[in-house]
Amino acid sequence: MSSLADRPANAVVGFPAAHESAALHVTGAAMYTDDLAAETAGVLTAWPVQSTNAHARVTIDVSPAYEVPGVVRVLTADDVPGINDAGIKHDEPLFPSEAMFTGHALVWVLGETQEAARLGAAAVEVAYEPLPSYVTVRDAIAAESFQGIARTVARGDAAAAMASAPRVFEGVTEFGGQEHFYLETHASLALRDSEGQYFVQCSTQHPSETQEIVAHVLGISSSEVTVQSLRMGGAFGGKEMQPHGFAAIAALGAKLTGRPVRLRLNRTQDITMTGKRHPFHISWKAGFSEDGLIQALEATLTADGGWSIDLSEPVLGRALCHLDNAYWIPNVHADGRIAKTNKTSQTAFRGFGGPQGVFLIEDILGRVAPELGIDPTIIRERNFYRPGQSTPYGQLVKDAQRTPLIWNQLKDESDFDARQLEIAEFNRTHADTKRGLAITPVKFGISFNFAAFNQAGALVHVYKDGSVLINHGGTEMGQGLHTKMLQVAATALGLELRQVRLAPTRTDKVPNTSATAASSGADLNGGAVKNACEQIRERMAKVAGRLLGVDERDVRFEGGFVTGLGNRDGRLSFAEVANAAYLQRVQLWAAGYYRTEGLHWNPDLMQGSPFKYFAYGAAATEVEVDGFTGAYRVRRVDIVHDVGDSLSPMLDIGQIEGAYVQGVGWLTLEELRWDESDGPNRGRLQTQSASTYKLPSFSEMPEEFNVRLCENAREDGAVYGSKAVGEPPFMLAFSAREALRVAVGAFGQGRRAVELGSPATPEAVFWAIEAVRAEASIDADAAEQGRTAAEAAAGSLPALAGAEA
């Protein structure tokens with residue numbers, strides 16, 4: 001078989017291709033899980049009874065619900081035949097006896113209609129015995145409320161290096177979470193067939209784990225449950241772990257009633273019940289040389305995990321593995337821990353802890369650069385990894401030279417230096433409006449932290465008429481994975497894209513799949529699809545060789561036709577060869593498999609090589625800030641990003657644009673607020689809708705948005721030389737936050753550290769401007785006092801001299 005990265009002539013990969021469901025999306029014809037439910041006869045609707053208390057023991061009386069017309073059943077813990085748990089750590093009871101956060105689903109009501117189920121849920125009576133609650137991560141730290149396993153990343157002697165560093169800075173960096181706000185909320189549809197098997201349609205990124213949780217709740221084997229993920233209307237990590245319990249509720253309802261059960265959260269339920277990006281509290285100390293080289297870093301990272309562990313441990317692990325970003329830090333000691341709070345159980349979100357780790361070092365560099373009197377761009381450049389250097393966790397930084405290559409290309413193409421001069425002149429002549437320009441890099445590791453997840457399977461069928469059907473273990477959430485898999489299969493079989501079709505992701509076609517997450521969907525599933533196609537092509541090559549009178553090694557598949565070297569006149573269609581292969585009893589289907597090679601990781605020591613490769617990129621962002629309100633606009637964004645040898649350039653550029661904008665949302669707009677008072681609404685999420693939770697919209701889009709893919713960037717260890725694209729560009733948005741910091745600093749003398757709240761909303765920016773202006777006023781007063789004292793001293797010298805004479 002050919003090398004994983006090698007491409008044949010006239011490959012289908014590498015060319016712009018429309019999303020395989022684009023026409024269905026724009027016409028509204030694309031079907032989603034709840035659309036399927038709406039077309040299912042006799043379906044019941046599930047509705048939750050949610051806790052109104054942040055932490056309390058509960059006593060529940062469901063009998064009033066049965067007095068509501070249309071209520072069929074109320075599901076409680078007594079109905080669970082298997083394990084009453086929605087997670088893999090057995091700390092997420094599906095039907096809890098203790099409410100752990102405001103919004104926690106306590107029991108579920110099944111109704112003939114959604115309205116009946118809703119009214120039935122409203123009729124359920126819940127008595128609360130309040131317990132102490134922790135709403136903020138600071139509350140949890142003070143109470144020593146932690147969960148999971150604490151981790152440490154260390155290299156060198158950070159304490160000794162800190163003691164000898166010429167300049168030492170310390171501080172606290174805090175930032176909030178982020179709501180996924182996918183277009184399609186969580187949805188499941190479960191049916192039980194005549195043989196007692198369960199078919200679950202689910203909006204899930206991890207069908208195999210959904211299958212596993214449904215099976216253990218029902219007390220049956222996984223082989224009795226089939227989960228299908230047709231497509232998702234967005235996910236961003238929010239449907240990696242969180243759908244399992246909802247699917248189990250629907251399946252349990254189907255078991256007990258014998259009828260199909262649908263569960264679809266409305267927007268308020270989805271926001272108040274499901275996990276978000278982890279907020280972090282980080283205390284740190286950093287040592288620098290006078291010329292801005294990082295000497296040492298000490299930090300304690302506390303992730304707010306919410307009420308249960310979910311994926312908080314691997315999220316924390318990835319944060320610790322990305323606190324270096326693209327910079328060499330010779331001496332590091334970073335401790336990580338997970339707070340347990342009475343909020344939604346925080347979960348995976350695009351970047352999976354990576355953005356939280358990157359936040360720390362970018363915030364430190366942005367803060368200390370003015371104090372050191374060094375341009376932020378220069379201090380970043382000076383600290384880039386160099387070839388031969390390794391990360392704090394011991395992995396060689398492969399292709400380290402790519403960061404300065406991308407950085408310099410971006411500076412040239414964006415006219416960075418010239419624009420800095422223009423901005424300086426603009427700021428000099430505008431007292432109440434300032435502009436800022438910043439450039440930041442990203443280095444992001446690709447692979448699951450958990451080694452076993454770095455595998456994938458595929459099932460490819462070639463039919464007698466030459467048509468091809470692909471099944472693979474990845475899920476489609478709008479990112480274009482299915483489109484890339486079609487391109488991979490067409491390339492591997494030498495077909496045109498139109499000759500290949502893709503089936504929905506199902507656990508009875510490809511078993512034991514990994515989540516479509518960690519930006520690994522195309523790497524893993526592409527490797528498996530390619531492997532399956534190459535098995536079939538090798539078998540067909542033997543058949544074609546006999547038909548063409550050439551050696552099988554000289555058979556070529558291209559553009560839907562099969563030819564042989566040395567036989568210029570002979571040409572067969574792919575369909576002719578497929579039919580001949582069938583008649584000769586040659587197998588025309590194959591199960592493909594791929595496992596990522598070269599990974600080794602010790603999570604206890606936090607040492608090894610957990611990533612197959614690093615994806616690199618850089619972004620330059622220019623902003624303009626209003627000094628009266630703190631409002632700002634993004635004037636221009638320039639990005640150069642490394643996706644290896646792109647499988648599908650149009651999709652990749654779209655992913656980069658979307659990731660950047662979503663990152664800007666997290667860093668500058670999106671603010672989750674919980675009620676921290678001691679009143680009756682303590683722990684209630686106050687930002688429950690788009691009217692109170694600000695999302696990026698067209699008005700926040702950059703006025704000029706330029707995205708380029710890094711050229712000549714083939715990755716030898718990945719399918720057709722490509723690299724992952726889903727998560728790495730999210731962190732390019734730090735350039736926007738740092739540009740705001742530069743603009744805020746321009747309201748003062750630009751010589752003091754600017755502490756910028758997170759998210760850097762207009763309100764936070766305004767208060768940062770006020771702080772800078774106050775410092776500038778103090779500096780001006782001090783300077784004036786100094787001048788006055790100097791003038792007085794200078795004026796008194798002659799008098800003193802005369803007196804002495």
Side-chain angles (χ1 to χ4, degrees), residues 1-15 17 456-472 484-502 522-597 644-645 647 714-722:
M1 296 186 184
S2 64
S3 165
L4 185 63
D6 290 344
R7 295 189 176 190
N10 301 315
V12 177
V13 293
F15 286 90
L459 180 63
V460 176
H461 296 163
V462 173
Y463 294 94
K464 289 186 292 183
D465 65 355
S467 60
V468 178
L469 181 66
I470 305 168
N471 295 269
H472 66 89
K484 288 185 174 182
M485 295 305 96
L486 291 170
Q487 290 181 271
V488 167
T491 298
L493 291 172
L495 297 172
E496 294 182 354
L497 194 57
R498 60 177 177 79
Q499 295 176 275
V500 185
R501 196 175 75 80
L502 196 139
D523 284 4
L524 296 179
N525 295 288
V529 168
K530 185 171 184 284
N531 174 255
C533 291
E534 287 177 343
Q535 292 178 50
I536 297 169
R537 194 185 68 207
E538 285 187 358
R539 297 178 198 139
M540 291 180 67
K542 294 179 181 180
V543 175
R546 291 192 290 269
L547 294 174
L548 294 169
V550 300
D551 188 281
E552 64 188 72
R553 292 169 296 185
D554 294 329
V555 172
R556 298 291 181 269
F557 292 77
E558 184 180 326
F561 293 95
V562 185
T563 58
L565 299 178
N567 183 355
R568 297 183 177 179
D569 298 326
R571 188 176 85 155
L572 302 169
S573 69
F574 186 85
E576 289 174 319
V577 177
N579 188 63
Y582 167 75
L583 294 174
Q584 295 177 32
R585 295 186 294 178
V586 173
Q587 183 178 334
L588 286 173
W589 57 268
Y593 181 75
Y594 174 79
R595 67 190 294 271
T596 309
E597 301 289 347
D645 199 353
L647 291 176
R714 165 179 152 139
E715 175 56 43
D716 287 334
V719 61
Y720 289 128
S722 64

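Residues: numbered from 1 along the sequence shown.
Minimum interatomic distance between N525 and G457 (heavy atoms only, all atoms of both residues): OD1-O, 4.1 Å. Taking each heavy atom of V719 and A522 in turn, the nearest pair found is CG1-O, 3.6 Å. Contact detail for V562 and A544: the closest heavy-atom pair is CG1-CB, 3.6 Å. Closest heavy-atom contact between G570 and L548: C-CD2, 3.9 Å. Here the shortest heavy-atom pairing between A532 and A590 reads O-CB, 3.5 Å. Of all heavy-atom pairs between L547 and A580, the closest is CD1-CB, 3.9 Å.
Considering L493, L588, L486, I536 as possible partners of V468, the one that fulfils the side chain to side chain contact (heavy atoms under 4.5 Å, CB included) test is L493.
Between S722 atom OG and R7 atom CZ the span is 7.0 Å, to the nearest 0.5 Å. From D465, atom CG reaches atom CD of E576 across 12.5 Å, with rounding to the nearest 0.5 Å. Note that the CD atom of E496 and the CD atom of E558 stand 10.5 Å from one another [nearest 0.5 Å]. Atom CZ of residue F557 and atom CE of residue M540 lie 5.0 Å apart, to the nearest 0.5 angstrom. Rounded to the nearest 0.5 angstrom, Y593 OH and L459 CG are separated by 15.5 Å.
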| request: Kindly indicate, with the supporting measurements, whether the criterion side chain to side chain contact (heavy atoms under 4.5 Å, CB included) is fulfilled by L502 and H472. | output: CA-CA 9 Å; L502 196 139; H472 66 89; 3.8 Å; yes

| request: Before giving the answer on side chain to side chain contact (heavy atoms under 4.5 Å, CB included), spell out for N567 and T563 the whole-Å C-alpha distance, their side-chain angles and the decisive distance to 0.1 Å. | output: CA-CA 8 Å; N567 183 355; T563 58; over 6 Å; no

| request: Check the pair Y720, D645 against side chain to side chain contact (heavy atoms under 4.5 Å, CB included), reporting the backbone distance first and the verdict last. | output: CA-CA 7 Å; Y720 289 128; D645 199 353; over 6 Å; no

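Applying the side-chain contact (heavy atoms from CB on, under 4.5 Å) criterion to T596, with sequence neighbours excluded, gives S447, N454, L524, Y594, L599, K612.
Side-chain atoms of R501 never come within 3.5 Å of backbone atoms of S467 as a donor-acceptor pair (strictly under, hydrogens ignored). Side-chain atoms of Q535 come within 3.5 Å of backbone atoms of A591 as a donor-acceptor pair (strictly under, hydrogens ignored). A donor-acceptor contact shorter than 3.5 Å is absent between the side chain of Q587 and the backbone of R539. D554 places no side-chain N or O within 3.5 Å of a backbone atom of G564 that could act as its donor or acceptor partner. Remark: side-chain polar atoms of T491 are paired, donor with acceptor, to backbone N or O of V12 under 3.5 angstrom.
Between R714 and D6 there is a salt bridge, with a side-chain nitrogen of the basic residue lying less than 4.0 Å from a carboxylate oxygen of the acidic one. For the pair E534 and K530, the salt-bridge criterion is met [side-chain N within less than 4.0 Å of a carboxylate O].
When the shell of 6.0 Å around CZ of R595 is examined, it contains 12 or fewer heavy atoms from other residues, nucleotides or ligands.
Counting only heavy atoms from C-beta outward, the side chains of V555 and V550 approach each other to under 4.5 Å.
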